[in-house]
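Along the sequence shown, the residues carry numbers beginning at 1.
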Amino acid sequence: MQSNNKHKALYIIYIACLFIFFYLPIVVTMVFSFNSSKSLTNMTGFSLRWYERLISDGSIMRAVYVSLTIAIFATVISTVLGTMTAIGLSKSRKIMKDIVQGVNNIPIMNPDIVTAIGLMILFSSIMIAKGYMTMLLAHVAFCTPYVITSVYPKVRQLDPSIADAAMDLGATPFQALIKIIIPLLKDGIYAGILLSFTMSFDDFVISYFVTGNGVENISIVVYNMTKRTNPTINALSTIVILVIALLIILSRLIPAMLKSTVRKITILGLVLVLGLTVFSGVKSGKKTLRIFNSGEYMDPELITRFEEEYDCSVIYETFDSNESMYTKLKSGSEFDILIISDYMIERLIKEKELQPVDWSLITHKGDIDTENMGYAFDPDNTYSVPYFVGTVGILYDKNNVDEEDLKDGWEILRNEKYAGDIYMYDSERDSFMIALKALGYSMNTTNKEEIDEAYEWLIKQRETMDVVYAGDDVMDNMIAGNKSIAVVYSGDGAYIMAENEDLGYFDPEEGTNEWCDAMVLTKNCEDTQLAESFMDYMLEYDNVYQNSIFVGYTTPVTQVREDLEKEEFAGINSYTPVFGAPNNEVFRYQEKDIKEYYADLWTKIKAY
């Protein structure tokens with residue numbers, strides 16, 4: 001008896017641990033949705049500010065609308081197609097069944113990225129403008145196989161004579177299908193519906209590559225927000241969790257009511273959603289400007305004001321990296337303005353994807369700091385209008401790091417005194433930049449011997465320092481004081497230092513990556529006057545000031561930078577790093593062979 005009780009106790013503990021493992025992240029998300037600060041690790045007080053931000057943030061609400069409507073339509077269409085196919089398979093010959101089932105398994109087994117690229121190429125090759133409809137078609141394409149897989153086993157369990165008996169009793173084939181066969185398949189159909197809706201609502205990879213014209217679902221918006229800590233997502237997640245929990249409770253407590261009204265509610269909901277979708281697709285006839293920018297890199301209020309001031313419509317899309325931007329651009333997606341980084345600008349110039357800027361229309365050109373003009377990737381600023389600038393430097397805890405050690409520059413990252421206490425930025429080019437600058441070489445070197453030396457520098461660092469390669473999560477970790485040293489972009493450093501006054505920032509004298517993100521015109525931009533008006537608008541004092549506070553990065557507009565240095569970012573030296581230092585460089589475009597050489601070495605470093 002004692003043994004049985006012991007086993008029961010262990011079983012209960014096991015189940016409890018399992019549920020804690022599953023649901024603790026959800027609880028943490030819900031708790032921090034009420035945090036008064038942006039931190040995801042430090043609860044500073046109760047606040048509803050993120051729910052207020054969620055309601056007022058038009059981009060997130062539009063994304064919720066797109067996600068819901070796409071999921072509903074894709075679920076309905078794929079359920080009908082999948083059920084019809086499953087029933088048809090039951091009447092087919094064995095060879096046809098085997099062929100169809102084999103083809104049906106391909107999208108299920110395929111990695112999402114392969115399906116995404118394939119659909120993107122398909123839509124581009126047949127000249128379908130990417131947007132709401134292409135996303136819907138893509139979701140139907142990848143949901144339908146799952147419905148077939150859910151329904152077909154139930155079809156096989158049916159007695160083939162049931163339908164015949166119904167028709168012998170006077171039912172038409174359609175009546176036999178609706179009143180006899182479908183009810184017997186309801187368990188498989190319900191499973192297919194739940195699976196389709198969940199997959200569609202949750203999808204990111206396929207949606208990202210097949211959408212365009214400003215159509216973004218929740219997954220895309222959330223992914224593009226990962227550059228900065230954004231607790232608004234916690235608020236949205238909490239609401240989604242509560243809605244799901246409420247639906248589950250209702251389905252258990254009042255099944256009779258749901259059963260009697262579900263058909264009417266479903267039909268009414270679909271009609272309303274369809275109407276809203278059609279209405280939202282009506283064109284206003286205004287001039288349209290298409291902008292492609294990195295996520296969380298512009299105050300959306302500025303876009304709204306520009307639309308009102310210039311009586312136009314702005315289609316604003318975001319990307320997570322310059323490389324994914326390049327992929328979408330080359331796949332046929334069309335934009336008027338790109339806001340991208342230095343080395344990517346040089347690449348697009350070489351590939352003749354950009355057109356020159358008419359600087360006579362940029363009335364605020366004289367407000368730009370001359371130190372942030374004339375970079376090597378575009379010496380005469382023929383194609384680029386600076387947007388944000390900065391450096392890559394070292395953030396350190398003033399309580400734990402000896403000021404004398406800062407004189408070592410980049411070599412402080414190999415000072416064994418700080419072993420296990422360093423975050424390296426998880427970036428191939430910036431990591432090699434650090435090693436190359438520490439060795440006294442150019443960060444744009446193509447000399448393989450110098451690159452090999454940098455590789456050995458980084459390998460030696462991994463052997464002795466136990467460094468952690470971190471992405472944008474380094475911001476919250478440094479705010480929480482989890483380590484003493486981190487390699488960061490100066491703009492991120494400004495945000496972190498504003499939250500933790502014990503931190504300092506410096507750019508090593510050996511030189512660093514002095515980066516510049518800029519606005520450029522694509523070769524497909526037709527209304528260049530409107531596009532250049534937007535560029536000039538983004539250089540106006542009030543707009544630059546507001547945008548700089550929202551993003552937290554350094555503006556190239558001199559007066560705004562000086563004012564923010566005295567006001568919003570007072571005492572935060574990373575907001576105004578040293579520009580034009582003798583050893584600073586900007587990243588240049590890498591030719592294919594050198595890029596592959598760096599990439600191979602980087603793979604070895606990360607796997608070490």
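Side chains of Ser321 and Ser324: a donor on one and an acceptor on the other come within 3.5 Å. A donor atom on one side chain and an acceptor atom on the other are found under 3.5 Å apart for Asn513 and Asp430. A donor-acceptor contact under 3.5 angstrom links the side chains of Thr318 and Glu216, judged on distance only. Side-chain contact of Asn322 with Arg347: a donor-acceptor pair under 3.5 Å is absent, judged by distance alone.
Listed for the Thr134 side chain is a donor-acceptor partner under 3.5 Å among the backbone atoms of Gly131. A distance-only check finds a donor-acceptor pair linking the side chain of Glu532 to the backbone of Asp358 [under 3.5 Å]. Side-chain atoms of Ser67 come within 3.5 Å of backbone atoms of Ile218 as a donor-acceptor pair (strictly under, hydrogens ignored). In this structure a side-chain-to-backbone donor-acceptor pair under 3.5 Å is present from Asp378 to Tyr383. Between the side chain of Thr211 and the backbone N or O of Ser207 there is no donor-acceptor pair closer than 3.5 Å. Asp320 contributes no side-chain N or O that, together with a main-chain N or O of Ser294, makes up a donor-acceptor pair within less than 3.5 Å. No donor-acceptor pair closer than 3.5 Å links the side chain of Asp112 to the backbone N or O of Val205. Between the side chain of Asn104 and the main chain of Val100, no donor-acceptor pair closer than 3.5 Å is present.
Stacking of Lys328 on the aromatic ring of Tyr208 is recorded, both the 6.0 Å distance cut-off and the 45° axial limit being met. Annotation: cation-pi pair Arg429/Tyr343 present, NZ/CZ under 6.0 Å from the ring centroid and within 45° of its normal.
Ring geometry, Phe292 versus Phe335: the interplanar angle falls under 30°, so the pair is classed parallel (tilted spans 30 to 60°). Using bins of under 30°, 30° to 60° and over 60° for the plane-to-plane angle, the ring pair Phe377/Tyr375 lands in the parallel bin.
In plain terms, the two heavy atoms of Leu236 and Val64 that are nearest each other are CD1-CG2, 3.8 Å. Of all heavy-atom pairs between Ile113 and Phe209, the closest is CD1-CE1, 3.6 Å. Minimum heavy-atom separation, His139 to Ile70: ND1-CG2, 3.4 Å. Pairing each heavy atom of Leu119 with each of Ala138, the nearest pair is CD1-CB, 3.7 Å. When all heavy atoms of Asn381 and Pro386 are compared, the pair lying nearest together is ND2-CD, 4.0 Å.
Rounded to the nearest 0.5 Å, atoms OH (Tyr387) and CD1 (Ile339) are 4.5 Å apart. Between Ile181 atom CD1 and Lys154 atom NZ the span is 15.5 Å, to the nearest 0.5 Å. The line from CE of Met135 to OG1 of Thr69 is 9.0 Å long, rounded to the nearest 0.5 Å. Between Asn105 atom CG and Ile148 atom CD1 the span is 9.5 Å, to the nearest 0.5 Å. Between atom CG of residue Leu81 and atom OG of residue Ser196 there is a gap of 10.5 Å, rounded to the nearest 0.5 Å. We find the CG-CD distance between Leu329 and Glu351 to be 9.0 Å, quoted to the nearest 0.5 Å.
Between Thr83 and Val147 there is a side-chain heavy-atom pair separated by less than 4.5 Å. No side-chain heavy atom of Val28 sits under 4.5 Å from any side-chain heavy atom of Ile26. Side-chain atoms of Ile337 and Phe534, non-hydrogen and from C-beta on, do get closer than 4.5 Å to each other. Taking the side chain as every heavy atom from C-beta outward, Val389 and Asp517 never approach each other to under 4.5 Å. A heavy-atom distance below 4.5 Å is not found between the side chains of Trp50 and Phe32. In this structure, the side chains of Met535 and Ile362 come closer than 4.5 Å at one or more pairs of heavy atoms. Between Gln546 and Glu301 the shortest side-chain heavy-atom distance falls below 4.5 Å. Inter-residue side-chain proximity for Met298 and Met538 is flagged as met; some heavy-atom pair is nearer than 4.5 Å.
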Should Trp602 and Tyr597 be marked as a ring pair (Phe, Tyr, Trp, His ring centres under 6.0 Å) after you check the CA-CA gap, both sets of side-chain angles, and the distance that decides it? CA-CA 9 Å; Trp602 179 243; Tyr597 193 76; over 10 Å; no
Could you walk me through whether Asp426 and Lys606 pass side-chain contact (heavy atoms from CB on, under 4.5 Å), step by step? CA-CA 9 Å; Asp426 193 0; Lys606 292 299 294 292; 2.9 Å; yes
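For the side chain to side chain donor-acceptor pair (under 3.5 Å) test, residues two or more places apart in sequence or in another chain that qualify with Ser33 are Tyr51, Thr238.
Taking a cutoff of 4.0 Å between a charged side-chain nitrogen and a carboxylate oxygen, Glu346 and Arg588 qualify as a salt bridge. A salt bridge links Lys94 and Asp98; the closest N-O separation between the charged side-chain nitrogens and carboxylate oxygens is under 4.0 Å.
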Going by atom type alone, with no hydrogens or angles, which donor-acceptor pairs under 3.5 Å involve a side-chain atom of residues 72-80 and a protein atom two or more places apart or on another chain?
{"from": "Thr75", "atom 1": "OG1", "to": "Ala71", "atom 2": "O", "distance (Å)": "2.6"}
{"from": "Thr75", "atom 1": "OG1", "to": "Phe197", "atom 2": "N", "distance (Å)": "3.3"}
{"from": "Ser78", "atom 1": "OG", "to": "Ala74", "atom 2": "O", "distance (Å)": "2.6"}
{"from": "Ser78", "atom 1": "OG", "to": "Thr75", "atom 2": "O", "distance (Å)": "3.3"}
{"from": "Thr79", "atom 1": "OG1", "to": "Thr75", "atom 2": "O", "distance (Å)": "2.5"}

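Taking the ring centroids of Tyr553 and Tyr489, they lie at or beyond the 6.0 Å cut-off.
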